[in-house]
**Q** 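Once you've had a glance at the structure underneath, I'll fire off some questions.
Letters go in sequence order (proteins before strands), and every chain restarts at 1. Since we're looking at a predicted model, the values are computed, not measured.
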Amino acid sequence: MIEALVSIFQIDVLIPWILAMVLGIFVGGVPGLTATMAVALIVPLTYHMQPIAGLAMIIGVSFTSIFAGDIPATFLRVPGTPASGTAVLDGYILTHKGKGGLAIALDLFCSAIGGILGILILIFISPLLANFALKFTHYEYFWLGVLGLSMSTVISKGSNTKGFFSMGIGVLLSTVGIDLVTGYPRFTFHNSELMGGISFIPVMIGLFGISEVLNQIITTNNIDISLKNADISDKTKFSLREVFKEIKTHFLLIVKSSVIGNLIGALPGAGADVAAWVSYGAAKKTSKHPEEFGNGSIEGVVAPTSANNAAIGGSWIPALVFGIPGDTITSIVLGAMLMYGLKPGPLIFEQEMGLVNQIFAVGLVSQIFLIIIGFAGIKAYSYILKFEKNIINTSIIIFSIIGAFALRNNTFDIGIVIIFGLIGYFCEKGKIPLAPMILGLILGPMVEENLRIGLVKTEGAFLPFLSRPISLVLFLIIVLMFGLAPIKKLIKKMFTTNKEKK
Amino acid sequence: MNEKKTDLIIGIISCILGIISYVLTLNFPTFGKSGVPGPEFFPRILAILFLIISVIQISKSFVEKNTKTQEIEKVDYIRMLILIALFAFYILFLDILGFFITTIIFLMILQKLVSVKFKTSIFVTFIIIMIIFLIFDKLFCVSLPAGIIL
């Protein structure tokens, strides 16, 4: 571990890492730009670096952007990222009461504490799980993939059928190209570019980078104008002593929310935004003063912000151990890791232990950087709002295009970016969740290959898929998730009612 | 767009996707022994999934009441078409005109479209092109397309 700590303090890791964290403040702070978008734009750059530098950029940007989303939420009542939707409730009221500085400083420290706890859980749980996962064969991986896909459709916002539709498109896209079992080209229409399959990173850049920008350019609304002249510099004052006193009083709540956030992050398809809402709801239910929630409750600030940063660590657990993404960001991470030539899964803990330790170390050190860069970000926030939105959008479009091109020096990939930008835009309009599509694209090959190789081994019999203890348990979980309507409703209720109350 | 209409559109798209992908799998050759699935097996499951989704969505759209939702956002279709044309231009001409000329034209028209002031847009174009050139061409040695003319 100490070796890993030393190795991440090289110049060629440190500089991109810190730059990415600064970028995260900007991305999180400007409403409409999200962490996922930032990660999608960063990945093409990381292709030319060593893997840990690239992963440090991705980890760094996810932590700072999720925190920075709370800055406009707290001061201006506009969430900067989806994960900061809860911060508009109590944080903004606290600003009105003249305690905005306290709220945002607490927010920052709790983000860092949540981040540390999330990473610690990742460090302790994932090697144990990986050890367990070594027992898995094709049968278990098949069910695990199916579980990931079904979970993403059940948890995602909107109707389940739309989730299935989105997932189906993702899986269907993953079948394009040469069939890995028999070598037969599927859905390629004699196009040599499609032989290798639809490359994953351009799809990501399109869905998460271009589509939101398209939305902003094509549809007109006037939030930006009122934000442009906002000045928050006089509201950010606070005393450190008061902050630490609040942290001490609410420490148990911070730990509890971090654990909840971490668990939700680990579920495939649910990320920081869901974690924030669920932990807010949980904090409200168990609070001694539930009536204060929504009226400037400190607990209402502390709980979601610890949870959404702890969710990041959680989302890495299934990603590293099973190769199943915990949220959209780790989906991109998995795509990037395959690009670097790394194969996530239990074996990574044996073969690439050095890299895994470096990832853990980056996660922990990022929290210290988060506090420093976060404070600078709060101070500089009024300037961030002065950037003209149209220029930002223009830059994102051209960087998406060039980023996709640079991966393989290929104009075909630019086409993919634009097509998926449009698909992403129309999906947003039709309220079709994008997370299942991405999980489908990543998990499709895993489900198909394991199913078919398993069936070859059993000579076509399906029964062995159910007769092993672990695979049977996984199968039963899936059945429970869909078969029992009450449980399904409960899950739905847990994850959506809070949102609708907004 | 209201819920009813979206559900119907998704149902129709899903139906088309299901039929097309099923028909395409009919041409796939079968490999090996019977009972062991070949390359057509998995896409067919997906095709059936799409058909099921389409039935659910279309029937849903008939059951739902026609609620009128207020449209807050206005979609500028002309802008959208210009934008798509601009993207097409970029893909088609990148290899012919080269990175610099194509990108300058693309960025200037794009900024005109989103009404950035002319002087600002020249400045922004210059900065963006310099950043891309320095990062990709100089730092990462990705050769940006040079084009036939330059």
**Q** How would you list, by chain and number, every residue that makes a side chain to side chain contact (heavy atoms under 4.5 Å, CB included) with A:Gln50, sequence neighbours excluded?
**A**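 Partners of A:Gln50 by the side chain to side chain contact (heavy atoms under 4.5 Å, CB included) criterion, ordered by chain and then number, come out as A:Gln10, A:Asp12, A:Val13, A:Ile52, A:Ala53.
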
**Q** Please round to the nearest 0.5 Å and tell me the distance separating atom CH2 of A:Trp143 and atom NE2 of A:His138.
**A**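 So the gap between those two atoms works out to 16.0 Å.
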
**Q** By a 4.5 Å heavy-atom criterion (distance strictly below it), what part of A:Phe462 contacts chain B: side chain, backbone, both, or neither?
**A**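 Neither part; nothing is under 4.5 Å.
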
**Q** Would you give the length of the straight line joining atom OG of A:Ser395 to atom CD1 of B:Ile131, rounded to the nearest 0.5 angstrom?
**A**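 Between atom OG of A:Ser395 and atom CD1 of B:Ile131 there are 7.5 Å.
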
**Q** I'd like to verify something: which residue of B:Phe50, B:Phe136, B:Tyr90 has the highest number of heavy-atom pairs under 4.5 Å with chain A?
**A**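 Most heavy-atom pairs under 4.5 Å with chain A: B:Phe50.
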
**Q** Heavy atoms only, distances under 4.5 angstrom: which of B:Thr120, B:Thr25, B:Leu139, B:Ile128 has the most pairs with chain A? Name it, please.
**A**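 Ranked by heavy-atom pairs under 4.5 Å with chain A, first place is B:Ile128.
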
**Q** If we ignore angles and hydrogens, is there a donor and acceptor under 3.5 Å between the side chains of A:Arg186 and A:Thr175?
**A**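 There is no such pair (donor and acceptor under 3.5 Å, judged by atom type) between the side chains of A:Arg186 and A:Thr175.
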
**Q** Please flag which part of B:Ile135 lies under 4.5 Å from any non-hydrogen atom of chain A: side chain, backbone, both or neither.
**A**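 Only the side chain of B:Ile135 comes within 4.5 Å of chain A.
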
**Q** Only counting residues at least two apart or in another chain, list the ones meeting ring-ring contact (aromatic ring centres under 6.0 Å, His included) with B:Tyr22.
**A**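 Applying ring-ring contact (aromatic ring centres under 6.0 Å, His included) to B:Tyr22 gives none.
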
**Q** Is it the side chain or the backbone of B:Phe28 that comes within 4.5 Å of chain A heavy atoms, both, or neither?
**A**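 Backbone plus side chain of B:Phe28, per the 4.5 Å heavy-atom cut-off to chain A.
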
**Q** Considering only heavy atoms, which portion of B:Ile56 lies under 4.5 Å from any heavy atom of chain A: side chain, backbone, both, or neither?
**A**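 Just the side chain, heavy atoms under 4.5 Å.
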
**Q** Counting only heavy atoms closer than 4.5 Å, note whether A:Phe412 contacts chain B via side chain, backbone, both or neither.
**A**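 Neither part.
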
**Q** Just checking, any donor-acceptor pair under 3.5 angstrom between side chains of B:Thr125 and B:Gln111?
**A**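 Checked: B:Thr125/B:Gln111 side chains pair up, N/O donor to acceptor below 3.5 Å.
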
**Q** Of the listed residues (A:Leu422, A:Asn393, A:Ile401, A:Ile398), which shares the most heavy-atom pairs with chain B below a 4.5 Å separation?
**A**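 Sorted descending by pairs with chain B, the first entry is A:Ile398.
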
**Q** So which part of A:Phe399 gets closer than 4.5 Å to some heavy atom of chain B, the side chain, the backbone, both or neither?
**A**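 For A:Phe399, side-chain heavy atoms alone lie under 4.5 Å from chain B.
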
**Q** Can you tell which part of B:Ser143 gets under 4.5 Å to a heavy atom of chain A, answering side chain, backbone, both or neither?
**A**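 Both parts, heavy atoms under 4.5 Å.
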
**Q** Parallel, tilted or perpendicular: which one describes the rings of B:Phe140 and A:His48, with boundaries at 30° and 60°?
**A**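 It falls in the parallel class, under 30°.
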
**Q** Heavy-atom pairs under 4.5 Å with chain B - which of A:Ile418, A:Thr411, A:Ile391 has more of them than the others?
**A**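 It is A:Ile418.
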
**Q** Check each atom of A:Leu451 against the heavy atoms of chain B and say whether the ones under 4.5 Å are side chain, backbone, both or neither.
**A**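 When you check distances to chain B, only side chain atoms of A:Leu451 fall under 4.5 Å.
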
**Q** Taking side chain as everything from C-beta outward and backbone as N, CA, C, O, which of these in A:Leu45 sits under 4.5 Å from a heavy atom of chain B? Side chain, backbone, both or neither.
**A**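 Contact with chain B is through both the backbone and side chain of A:Leu45.
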
**Q** Out of A:Leu214, A:Val456, A:Val447, A:Ile397, which one racks up the most heavy-atom pairs below 4.5 Å with chain B?
**A**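 Option with the top pair count is A:Ile397.
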
**Q** Where on A:Ile414 is there a heavy atom nearer than 4.5 Å to chain B: the side chain, the backbone, both, or neither?
**A**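 Looking at A:Ile414, backbone and side chain both touch chain B.
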
**Q** If you count heavy-atom pairs under 4.5 Å with chain B, which of A:Asp179, A:Asn409, A:Ile169, A:Asn390 comes out on top?
**A**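 Going by pairs under 4.5 Å, I would pick A:Asn390.
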
**Q** Taking all atoms of both residues into account, what is the closest heavy-atom pair of A:Pro433 and A:Ser166, and its distance?
**A**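 Scanning both residues, the minimum pair turns out to be O-OG, 2.7 Å.
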
**Q** Distance from A:Leu443 atom CG to A:Phe142 atom CZ, nearest 0.5 Å?
**A**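 So the gap between those two atoms works out to 12.0 Å.
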
**Q** Go through the side-chain N and O atoms of A:Asn410 and A:Glu193 and say whether any donor and acceptor fall under 3.5 Å apart.
**A**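 Looking only at side-chain atoms, A:Glu193 and A:Asn410 do form a donor-acceptor pair, the distance falling under 3.5 Å.
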
**Q** Please identify, among A:Tyr47, A:Phe187, A:Phe405, the residue contributing the most non-hydrogen atom pairs under 4.5 Å to chain B.
**A**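 Of the options given, most contacts go to A:Phe187.
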
**Q** Is it the case that the side chains of A:Tyr340 and A:Thr46 hold a donor-acceptor pair, with the cut-off being a distance below 3.5 Å and no angle test?
**A**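 Result is yes, a qualifying pair exists.
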
**Q** Between B:Val124, B:Leu49, B:Ile132, which shows the greatest number of heavy-atom pairs under 4.5 Å with chain A?
**A**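 Ranked by heavy-atom pairs under 4.5 Å with chain A, first place is B:Ile132.
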
